[in-house]
Amino acid sequence: MDAVGISGLLVAATTAGWVDAVVGGGGLVLIPALLMAFPTLPPSTALGTNKLTAITGTTVAAVTFARRTKLDRSVALPAAALAVPSAGFGALSASSLPADWFRPVIMALLISVAVFVTLRPNFGSVIEDADAISRRRRLMVVAFAGCGIGFYDGVFGPGTGTFLIMTFTSLLSLEFLQSSALAKVVNVGTNLGALTVFAAQGQVLWLLGAGMALCNIAGATLGARTALKRGSGFVRIVLLVVVTGMVVKLAFDQFR
């Protein structure tokens, strides 16, 4: 690959890190970039290399959020622990479950997210009686985020961060910023589980992934700091932009 192609991947990795740190969805930037740079690259190798790159930036973002915002560890840690095996199982199932099965459902869910957030301008900006959340609901959120969304990230992936943020915001009555912090921790678990499986299958370009990881860390650091500085209103806007982009990309892949 020439210098221009390498530079393009490094820029894509930086951008993906920023997007992932704010609302998730960085894979929709980096995976197409990998497939464009290497037209003969198997999709599974692109997914595996993306997980190697993403886990570094996501980890840095999670640490940054944890230091500077309120993080409910009683939700974050068990959900992340459940996400590791769930995402690993999803990655093992990826080859037997065609992506065409997922795209229409995910597009419908993302459109619903965009409409819901648009029609409720205060959603994700104000904490609504968070102390009233029952233990049963918290356990349900942990199970759904760790097992359900964790499996989804391993088997398919687009929108994982967004679905985590929406789950925590709607079911735990959190601000977008706090939900984003929780999502980063759980996303570390999903990335680790899927990466372990892809690595065992020899589907990771280690040298390239390590180089892109450095740029991903830079983008994630900037994204986390930007989100913390600008607040939940900024996260809400970026979420809507990213959701729109994901719907367009998924629709293009489905109907081309």
Side-chain angles (χ1 to χ4, degrees), residues 11-33 50 53-71 76 106-107 109-127 145 149 153 157-188 190-191 215-252:
V11 170
T14 304
T15 304
W18 189 92
V19 173
D20 255 339
V22 180
V23 293
L28 289 178
V29 176
L30 192 53
I31 292 174
N50 172 67
T53 302
I55 194 172
T56 56
T58 303
T59 300
V60 169
V63 171
T64 302
F65 274 111
R67 287 176 175 174
R68 298 179 57 183
T69 191
K70 184 179 180 181
L71 180 67
I106 301 308
M107 281 190 289
L109 288 174
L110 289 171
I111 291 171
S112 299
V113 166
V115 171
F116 181 80
V117 174
T118 300
L119 295 180
R120 294 190 60 183
N122 291 327
F123 180 74
S125 298
V126 179
I127 297 178
I149 300 181
D153 191 33
T160 295
T162 302
F163 293 138
L164 285 170
I165 289 173
M166 290 300 298
T167 296
F168 296 137
T169 303
S170 59
L171 297 181
L172 297 181
S173 299
L174 299 176
E175 293 180 330
F176 276 135
L177 200 59
Q178 293 175 323
S179 295
S180 188
L182 282 174
K184 298 300 158 291
V185 177
V186 179
N187 216 175
V188 171
T190 66
N191 284 333
C215 294
N216 195 260
I217 288 173
T221 301
L222 178 61
R225 291 178 177 176
T226 302
L228 287 165
K229 181 179 180 180
R230 302 290 294 274
S232 292
F234 173 76
V235 174
R236 178 178 184 273
I237 293 171
V238 176
L239 184 145
L240 288 172
V241 172
V242 171
V243 165
T244 301
M246 284 192 287
V247 170
V248 172
K249 176 64 170 60
L250 291 170
F252 176 79

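Defined by atom type and a distance below 3.5 Å, a donor-acceptor pair is missing between the side-chain atoms of Asn50 and Thr53.
When each of Asp20, Val22, Thr15, Thr14 is tested with Trp18 by the rule side-chain contact (heavy atoms from CB on, under 4.5 Å), just one qualifies, namely Val22.
Nearest approach of Gly24 to Val242, heavy atoms of both residues: O-CG1, 3.6 Å. Minimum heavy-atom separation, Thr64 to Arg225: CG2-CG, 4.4 Å. Ala220 approaches Ala21 most closely through the heavy-atom pair O-CB, 3.4 Å. The shortest heavy-atom contact between Ala145 and Leu164 is CB-CD2, 3.8 Å. Scanning all heavy atoms of the two residues, the minimum distance from Thr244 to Leu240 falls at OG1-O, 2.9 Å. Looking at every heavy atom in both residues, Val243 comes nearest to Ala114 through CG1-CB, 3.9 Å.
To the nearest 0.5 Å, atoms CZ (Arg230) and CZ (Arg236) are separated by 14.5 Å. Expressed to the nearest 0.5 Å, how far CZ of Phe176 lies from CD1 of Ile237 amounts to 11.0 Å. From Glu175, atom CD reaches atom OG1 of Thr69 across 7.5 Å, with rounding to the nearest 0.5 Å. Expressed to the nearest 0.5 Å, how far CG of Leu177 lies from CZ of Arg68 amounts to 9.5 Å.
With hydrogens and angles ignored, the 3.5 Å screen pairs a side-chain donor or acceptor of Asn216 with a backbone N or O of Gly57. The closest donor-acceptor contact from the side chain of Asp153 to the backbone of Ile149 lies at 3.5 Å or more, if one exists at all.
Among residues two or more places apart in sequence or in another chain, the side chain to side chain contact (heavy atoms under 4.5 Å, CB included) test is passed with Ser180 by Phe65, Ile165, Lys184.
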